[in-house]
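The next block holds one structure in the form of structure tokens; read it before the comments.
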Amino acid sequence: MKPTIEQVMKCYRVVAMTERAKTGRPGEETVMNCLRGTRCVCEAAGLALSSSVDEVTRQRIDAALADFMARGISRLSAWSYVCQLRGIFARWCLPYYRDAGWEIPKLELPAFRAQPPRYVRPCPEVLSRVKGWYQSLCRQVKKGTAVSGELWLAATMMLEFAMRNGDVLRLTDDNFVLREEQHFLSYIPHKTELTSGRRVFWPIHPDIWSIIDDFGGMRCFDLTDEVFVEMNRQLRALGMHGSKASYELRKICVDHVYQKFGAEMAVSISGDDIRTISRYYADPAQPNIGSVRIVDLL
């Protein structure tokens, strides 16, 4: 039996809940993105959701990509919709579909390169404004004045420890470890826990720990998505124009660790592999050392 696209979408939502109960994945947000991307691709391709699933062909997806581009959607965003559609055809879904008596065709994707652009370090003027902004947060939070502790914490975790927004929101007191009188941040990035599974274990500067400790630990912070919305607003006013301005803080952190301490330390603080770091989080083309005669190093 060949189901309709709509039937597969409904089944995907149910089987995702079953799989999440067993493995913790996929998250609810991932499920919603897959369903949203599927609707967008089908609409752009002129496919009704009542159409048979075997009508989701490479040619149809190509047509959807062309439609996205014609509407001014970036190549990266257009391809992200296709990747979301691909989620409902994931290999872990297929046994569930077979149990329902369905024949799901293998999804064939068009050849389409849409890699994100390489990281480019912000100009010194923007970096100086970001530094001043963060130092102002630190001064205010120490004095207990206007700034919220949550805004300071979110900014600190991203700029000083290269954390992603979602990982910051998942922080608990268990992520702060004391060893030989030194506090460390310890966590596995959610995005890579099923791939590399690399644990980040990074020392916390005493100045940072003293503020967290004075607040009473993580249980006394109320971190929400609204904190990052406010941070994005403030950072855009400083000239940070990424799609997620707060995420640029993570990139700044990784880039500077890469430049000052080398690739291995950048891997340690980010939890990513070196290939990802050197393309998307650091700018090796702009070394921050002074002029040097290589012959003097011989």
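Side chains are part of it too, since the values below use all heavy atoms of this structure and drop only hydrogens, waters and symmetry mates.
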- Decide, yes or no, whether a salt bridge links R250 with D167 under the criterion of side-chain N to carboxylate O below 4.0 Å. no
- Side chains of I61 and R58 in contact at under 4.5 Å (non-hydrogen atoms): no
- Message: Rounded at 0.5 Å granularity, tell me how far CZ in R86 sits from CH2 in W79.
- Response: 6.5 Å
- Message: Walk me through whether Y187 and V168 qualify under side-chain contact (heavy atoms from CB on, under 4.5 Å).
- Response: CA-CA 10 Å; Y187 76 104; V168 175; over 6 Å; no
- Can a donor-acceptor pair be found between the side chains of S136 and Q140 at a distance below 3.5 Å? yes
- Item | Flag for W92-E19: side-chain donor and acceptor within less than 3.5 Å | no
- Message: Once you measure the plane-to-plane angle for F184 and F201, does it fall in the parallel (<30°), tilted (30-60°) or perpendicular (>60°) bin?
- Response: parallel
- At what distance, to the nearest 0.5 angstrom, does CG of D54 lie from OG1 of T4? 11.0 Å
- Between OG on residue S148 and CE on residue M231, distance to nearest 0.5 Å: 9.0 Å
- With rounding to the nearest 0.5 Å, note down the distance linking CD1 in I88 to CD1 in I104. 8.0 Å
- Task: Examine distances only and state if a side-chain atom of D255 and a backbone atom of Y281 form a donor-acceptor pair shorter than 3.5 Å.
- Result: no
- Sub-4.5 Å side-chain heavy-atom contact between S77 and F68: no
- Query: Side-chain donor-acceptor pair under 3.5 Å between S278 and Y119, yes or no?
  - Reply: no
- Which of parallel (below 30°), tilted (30 to 60°) and perpendicular (above 60°) describes H183 and W209? parallel
- Going by atom types only, do E226 and T224 share a side-chain donor-acceptor pair under 3.5 Å? yes
- Task: May I ask you to test the M158-N165 pair for a side-chain heavy-atom distance under 4.5 Å?
- Result: yes
- With distance as the sole test, does S128 use its side chain to make a donor-acceptor pair with the main-chain N or O of E125 at under 3.5 Å? no
- Roughly how far apart are R170 CZ and I188 CD1, rounded to 0.5 Å? 12.0 Å
- Query: Between R164 and D272, is the closest basic N to carboxylate O distance under 4.0 Å?
  - Reply: yes
- Message: To the nearest 0.5 Å, what is the distance between CE on M163 and CG on L153?
- Response: 9.0 Å
